[in-house]
There are 2 protein chains.
Amino acid sequence: MILDILEGNTTHPSANDIHKTVVTKYPTTSFSTVYNTLEMLTNVGELDKICILGNVIKYEPNTDPHAHLLCKKCNRIIDIFEPYYAKPSIRKIKQFPHTIEKVQEFLYCTCASCLKGRQGKKLA
Amino acid sequence: MILDILEGNTTHPSANDIHKTVVTKYPTTSFSTVYNTLEMLTNVGELDKICILGNVIKYEPNTDPHAHLLCKKCNRIIDIFEPYYAKPSIRKIKQFPHTIEKVQEFLYCTCASCLKGRQGKKLA
DNA sequence: TTGTAAATAAGAATCATTGCCAATTATGTT
DNA sequence: AACATAATTGGCAATGATTCTTATTTACAA
């Protein structure tokens with residue numbers, strides 16, 4: 001069910017968000033199980049964790065390389081695939097050849113909606 | 001004193017690390033003061049916060065654009081200025097013109113020392 | 001000196017995450 | 001089916017980084 005919740009989900013939910021959804025169907029589900037499952041799914045490569053400046057960990061079902069745009073006004077996280085994202089050109093780092101397994105790129109900005117003064121409620 | 005500790009420091013210390021150093025000279029210094037000072041220095045642009053996947057916040061005195069290499073074996077954070085780092089080409093993002101204020105890039109890897117089997121103690 | 005504002009210390013509060021363990025469930029074997 | 005064993009789960013306590021609160025101290029100005 002956790003995979004179903006995350007499949008195609010672009011809202012980057014936290015463990016707490018996911019738990020809230022799961023308990024509507026399986027009311028006794030504990031946080032342990034949610035965290036264990038998310039950890040397992042991350043380890044097998046189904047999910048990525050993203051964490052912005054010490055806030056809660058969010059779970060990203062789209063593991064294709066892409067950047068995340070972080071709006072300081074509304075706290076929303078927006079996936080950016082093109083054209084900013086720097087595709088890993090690993091060989092260029094002579095000190096660390098062939099060892100980079102993952103790249104995370106965070107772009108701090110004011111999002112388009114907030115720029116136009118029509119952003120929604122600020123997320124937690 | 002906190003600025004002095006961080007000046008030229010490439011170890012990316014945490015608030016706790018900084019507090020430990022400060023109390024050797026000013027034994028009554030509280031965490032409140034350390035956190036308040038770090039927050040203030042961040043707000044005036046002297047420091048950047050960096051946070052890796054839910055670990056503690058580390059403080060980076062070098063605010064020049066650069067990437068961070070994160071070794072999974074020894075947990076060390078290494079500054080990378082060239083040639084990987086994608087310099088912000090902000091104008092290329094049509095959806096978000098002229099609004100990107102900061103870019104953070106994290107490269108997950110095994111560092112050169114660990115590759116050669118001579119890494120130091122794993123950091124906390 | 002005296003009043004007022006700012007900074008600080010101390011510790012409690014918060015809260016996401018992890019750890020622990022007993023209870024439950026699944027799996028495999030006769 | 002009955003049993004043994006392993007894996008998963010639920011409940012909740014523990015952890016620990018960060019924030020909050022409040023009284024106290026310090027800095028500054030009139």
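Residue numbers start from 1 in every chain, and the chains themselves are labelled A, B, ... in the order their sequence lines are given, proteins ahead of strands. What's counted below: heavy atoms across the whole structure, side chains too, no hydrogens, waters or symmetry copies.
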Proximity to the side chain of [X] - top-ranked nucleotide from [options]:
| X | options | value |
| --- | --- | --- |
| A:Ile57 | C:dA10, C:dT17, D:dG10 | C:dT17 |
| A:Thr29 | D:dT18, D:dG10, C:dT8 | D:dG10 |
| A:Tyr35 | C:dA9, C:dT17, D:dT9 | C:dT17 |
| A:Val56 | C:dA10, C:dA16, D:dT9 | C:dA16 |

Report task. Scan side-chain atoms only and decide if A:Thr11 and A:Asn9 contain a donor-acceptor pair under the 3.5 Å cut-off. Result -> yes
Query raised in the report: OP1 or OP2 of C:dT8 sitting under 4.0 Å from any side-chain N/O of B:Ser30?
Result: no
Report task. Let me know which of A:Glu39, A:Gln104, A:Lys58 forms a side chain to side chain contact (heavy atoms under 4.5 Å, CB included) with A:Lys49. Result -> A:Glu39
**Report entry** Any N/O donor-acceptor pair, A:Ser32 side-chain to D:dG11 base, under 3.5 Å
**Finding:** yes
Atom pair distance, as rounded to whole Å: [atom1] in [X] and [atom2] in [N]:
| X | N | atom1 | atom2 | value |
| --- | --- | --- | --- | --- |
| B:Lys49 | D:dT19 | NZ | C1' | 11 Å |
| A:Leu53 | D:dT19 | CG | C1' | 16 Å |
| A:Asn16 | C:dT17 | CG | C1' | 11 Å |
| B:His19 | D:dT19 | NE2 | P | 15 Å |
| A:Leu38 | C:dT17 | CG | P | 10 Å |
| B:Glu39 | D:dT19 | CD | C1' | 10 Å |
| B:Phe31 | C:dA7 | CZ | C1' | 18 Å |
| B:Ile18 | D:dT18 | CD1 | C1' | 14 Å |

Report task. Would you kindly confirm whether A:Ile77 and B:Ile52 end up in one hydrophobic cluster when ILVMFWY residues are joined by side chain heavy atoms under 4.5 Å apart? Result -> yes
Report task. May I ask you to decide if the ring planes of A:Phe106 and A:His68 are parallel, tilted or perpendicular, using 30° and 60° as cut-offs? Result -> tilted
Report summary line: Only one of A:Tyr35, A:Tyr59, A:Phe31, A:Tyr26 passes ring-ring contact (aromatic ring centres under 6.0 Å, His included) with A:His19, and that residue is A:Phe31
Query - Which residue lies more 5' along DNA chain D, comparing B:Tyr59 with A:Thr33 via nearest heavy atoms - result: A:Thr33
